[in-house]
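In what follows, a single structure is set out as structure tokens and then discussed.
These numbers come from a predicted model, not from an experiment. Position 1 is the first residue of the sequence; numbering continues from there. Start at 1 and go down the list; that is how both ligands and their atoms are numbered.
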Amino acid sequence: MSFEMTTSSTLFERAKASIPGGVNSPVRAFGSVGGTPPYLVRGKGALLWDADGNEYVDMVGSWGPMILGHADDQVVQAVQEAAAKSLSFGAPHEGEIELAETVIERIAPVEQIRMVNSGTEATMSALRLARGFTGRDMIIKFAGCYHGHVDSLLAEAGSGVATFALPGSAGVTDATAHDTLVLPYGDQEALEAAFAEHGERIAAIITEAAPCNMGVISPGNFNEFLRRTADQHGSLLIIDEVLTGFRASREGFYGVDGVAADLVTFGKVIGGGMPVGAFGGRADIMQRLSPLGPVYQAGTLSGNPLATAAGLATLRQLEEPVYEQITTAGDALKRELTSALSAEGVPHTVNTAGTLFSVFFTDGPVGDYEAAKAQNTEAFAAFFHAMLDQGVYMPPSAFEAYFVSRAHDDAIIDRVVSALPAAARAAAQVG
Ligand SMILES: *Cc1c(COP(=O)(O)O)cnc(C)c1O
């Protein structure tokens, strides 16, 4: 069985003439799994419809933001009301304060916060601020951690960079790359050695709160170790919660391991589907930002009224019952994934961090990028297409988290589960 994809195929071919690769973000092109991406026309709750009229259960959730499901009534209404009053002011309005206060109320280490327009902007700005605050140049990042397409952070990044096995990216200067030290995730000795050699020059360690862009990896007590090490050397700790924020728990991953960063970055859920990011943290650091301090940072559309309305309407609904629902649905899926893949003898490892999880198509354990890259990506591609053919839209890469929303109720999970045996068989045939 295969879905009719004539309209999507035609659109994809047409797109390639005017948009590089036909897409505005690489992983959407299905490069690592092959085939044609469905062109989507509508979503409601956990369901998506494409231009050929096919219906899918959505396991991508726009890569995280749609934690309430698509076209949530309250979010849509909030955006419509805001839109009627102007799409943008480029000037202060009360919604910005409400969103800032909402985040600060939830996440204790965040004393002040500034809105930007993407997760990339958030990490880029946090790095500049860390450098401006400490007067140091170097940044430590971990292999397989993705922090957006910031020049200096593209070295051994996960996500699309993992999928496409790029060494980093063309167009990043040696000088920029030179100020970034890339260490294996979870490697305490490597971190100590780096600080022993460069300690005085290291402005900050940046890490994903829990790596989710090379597949999901639990940090264990690594964040705590990073906190201690940063403190010993006068460096800052930047915890990237763009993906985990308001998803791993009500307080993000901070609510899971309680490690307080100096700066925290947000994106995805905080915008409820609008283009939003934010970075926040210690007030003494945040007050080094322009107009108070010497670190320049700005944005024509930052704090946009539609974006803040969508973010607020989303965060206001994100209370414990939502996280319980997501956990229950995720647990059921993990159980059934394991049983379907085991039944067909497909090597796999299921990793969990907070409410987040993913499946690696390799015998585990998977604790770093090297182990994640040992996956059988062809087996994943076969699995992916068998799921898609049965109306389940999984992330089109073996290196991504699976996204469950509040709208993934029992009936939706049953639809995913019933597709698993055939998909596991397809993966087993690739071997
Ligand atoms: C998605 C992501 C980013 C980048 O966010 P964009 O909005 O795509 O720029 C940064 N860090 C992490 C951990 C992410 O998952």
Side-chain angles (χ1 to χ4, degrees), residues 23-28 60-67 114-128 130 139 141-164 169 180 182 185 204-219 222-223 226 237-248 252-254 256 261 263-281 297 299 301-302 304 307 310-311 314 351 353-358 369 372 395-397 399-403:
V23 292
N24 283 313
S25 195
V27 79
R28 298 178 195 170
V60 179
S62 186
W63 304 98
M66 309 317 290
I67 191 168
R114 186 166 272 181
M115 306 303 301
V116 292
N117 305 290
S118 68
T120 296
E121 254 188 81
T123 59
M124 179 185 82
S125 305
L127 289 192
R128 183 185 308 137
I139 301 290
K141 83 172 284 282
F142 298 101
C145 282
Y146 180 66
H147 304 289
H149 60 100
V150 180
D151 277 11
S152 61
L153 295 176
L154 273 177
E156 292 202 57
S159 200
V161 188
T163 299
F164 291 93
S169 170
T180 309
V182 185
Y185 188 76
I205 306 169
I206 185 166
T207 186
E208 282 188 64
C212 291
N213 286 289
M214 50 177 147
V216 171
I217 288 175
S218 166
F222 192 50
N223 289 335
L226 297 179
L237 176 61
I238 304 171
I239 295 189
D240 182 349
E241 290 237 36
V242 169
L243 197 148
T244 51
F246 316 105
R247 176 172 283 277
F253 209 80
Y254 174 71
V256 177
L263 293 172
V264 189
T265 54
F266 300 101
K268 301 193 167 109
V269 173
I270 200 175
M274 296 291 288
V276 180
F279 64 107
Q297 192 280 328
L301 296 173
S302 294
N304 172 272
T314 300
N351 273 7
T355 66
L356 282 145
F357 69 97
S358 72
Y369 197 31
S397 158
F399 296 91
E400 306 288 351
Y402 295 3
F403 294 96

Show me the donor-acceptor pairs within less than 3.5 Å that the side chains of residues 237-245 make with the rest of the protein, sequence neighbours left out.
residue	atom	partner	partner atom	Å
Asp240	OD1	Val242	N	2.9
Asp240	OD1	Thr265	OG1	3.0
Asp240	OD2	His147	ND1	2.7
Glu241	OE1	Thr244	OG1	2.7
Glu241	OE1	Gly245	N	3.4
Glu241	OE1	Phe253	N	2.7
Glu241	OE2	Phe253	N	3.2
Glu241	OE2	Tyr254	N	3.0

Spacing of NZ belonging to Lys268 relative to CZ belonging to Arg247, to within rounding of 0.5 Å: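 Answer rounded to 0.5 Å: 10.0 Å.
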CE on Met274 to CG on Asn304, rounded to 0.5 Å: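 Atom-to-atom, Asn304:CG and Met274:CE are 5.5 Å apart.
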Could you please provide the protein residues found below 4.0 Å of ligand 1 on a heavy-atom basis, arranged by chain and number?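 Ser118, Gly119, Thr120, Tyr146, His147, Gly148, Glu208, Asn213, Asp240, Val242, Leu243, Lys268.
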Just checking, is any N or O donor in the side chain of Gln297 or Arg128 under 3.5 Å from an acceptor N or O on the other one?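 Checked: Gln297/Arg128 side chains show no N/O donor-acceptor pair below 3.5 Å.
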Is the shortest side-chain heavy-atom distance between Ser358 and Phe399 below 4.5 Å?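 Sidechains of Phe399 and Ser358: no contact.
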Ring centroids only, cut at 6.0 angstrom: are Tyr369 and Tyr185 within range, meaning strictly under it?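 Ring-ring flag for Tyr369/Tyr185: false, centres at least 6.0 Å apart.
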